[in-house]
Amino acid sequence: MRSEMFEPFYSSPNDTIFTIRNVQAKFGEGVSSEVGYDARRLGIKKALIVTDKNINENTKIPSKIKEYLEEAGVKAEIFDGTHIEPIDTEVIKAIEFAKGKDYDGFIAVGGGSSIDTAKMINLYVTYPTPDFKDYIAPPTGGGKPVPGPLKPLICIPTTAGTGSENTPVAIVDLVKEKLKVGISHPYLLPSFALLDPVLTISLPPYYTASTGIDALMHCIECYTAIPYYARPRPASPDKRPVYIGSNPVSDIFVEKAIELIGKYLRKAYYNPYDIEARRNMLLAAHLGGAFGNAGVHISHALAYPIAGRRHDLPHGITVAITGPAMLEFLEPIVPERLARIAQLLGEKIEGLKIREAAALAKEAL
Ligand SMILES: [Fe+2]
């Protein structure tokens with residue numbers, strides 16, 4: 001596309017435009033039972049349920065989802081081979097499993113790993129490519145753009161953390177390269193999400209904490225990301241990055257999410273059956289998925305090389321350990337934003353100088 005085609009009436013060297021993106025979703029206790037209705041509505045006749053062994057063997061969630069689909073006349077099969085923190089070799093096996101089976105839609109049931117695996121199955125089955133790395137962002141991969149819309153993907157998260165049901169990104173570990181990398185494209189955004197707090201009750205405290213802190217880090221990084229108007233204006237609309245930087249709409253989402261996480265993460269950790277805490281954490285994680293729009297930065301960037309060497313650590317832990325140092329670095333740059341984060345996390349900032357208030361964000365984290 002020629003850049004002159006997009007010469008706006010008002011010209012500025014920096015971008016003046018931000019995108020507003022939020023996946024369509026339904027929220028509430030019991031909403032996962034409506035999956036059959038929504039799958040049919042989206043035109044799905046034969047679905048692959050993508051989940052992991054732990055959920056499939058220790059809960060009835062995937063088999064129940066299969067039942068709901070079949071009751072609505074949608075054929076469904078379960079694939080429970082998702083690797084927690086997806087690695088390329090396992091994702092390739094998952095793609096091979098799905099190839100040639102004519103699934104016309106995907107249902108992801110689980111945490112970010114299942115959702116990201118479902119996104120990648122959908123991408124590579126719909127638009128096969130000779131090398132798995134073709135769609136991965138450069139410099140590691142070829143950065144090939146996704147050629148067109150994917151098949152419908154309905155996400156049913158069972159953790160309150162990644163917000164992956166609300167992002168156009170899939171993360172994968174490249175085992176040989178010891179690197180965690182991402183595939184991001186607007187077409188990777190799921191079609192729909194069913195957010196059922198009841199499904200998060202089975203999450204043990206350790207994973208409640210690690211996924212919850214991941215959600216908080218998304219919000220903090222999103223809120224302190226370089227604003228969209230500080231980026232050069234792209235030559236054409238298709239060159240505008242998926243991560244556009246902080247903007248007034250993502251700010252609203254993440255401010256609310258930070259407040260909810262500050263209030264409810266400890267409660268959900270101490271009492272897994274506290275449905276009010278589970279409900280608010282799931283909502284917060286979903287709102288925090290606004291990072292798929294604004295973008296995360298320092299702590300997530302630092303987490304990738306850590307995770308590349310320590311596959312045993314949950315994503316949230318690899319992100320959170322550098323959180324306080326990141327906030328220290330950001331203190332002189334965006335003190336007002338840090339002061340607001342501290343306040344949202346319950347710190348008293350009234351009467352303090354701005355730098356004193358900003359320093360409390362690190363304490364609160
Ligand atoms: Fe994350």
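Counting starts at 1 for both ligands and their atoms, following the listed order.
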min-distance N/O/S atom, H315 vs the Fe ion (ligand 1), resolves to NE2

Task: Distance under 6.0 Å and angle within 45° of ring axis: R231 vs F18 - done: no

In D214, the N/O/S atom nearest the Fe ion (ligand 1) carries the name OD1

Can you classify the ring geometry of Y187 versus H185 as parallel (below 30°), tilted (30 to 60°) or perpendicular (above 60°)? parallel

Vertex the Fe ion (ligand 1), ends H218/NE2 and H300/NE2: angle to nearest 10° comes to 90°

Does the cation-pi check pass for K133 over Y135, that is, NZ or CZ under 6.0 Å from the six-membered ring centre and within 45° of its axis? no

Scanning both residues in full, the closest heavy-atom pair of T322 with S299 reads OG1-OG, 3.0 Å

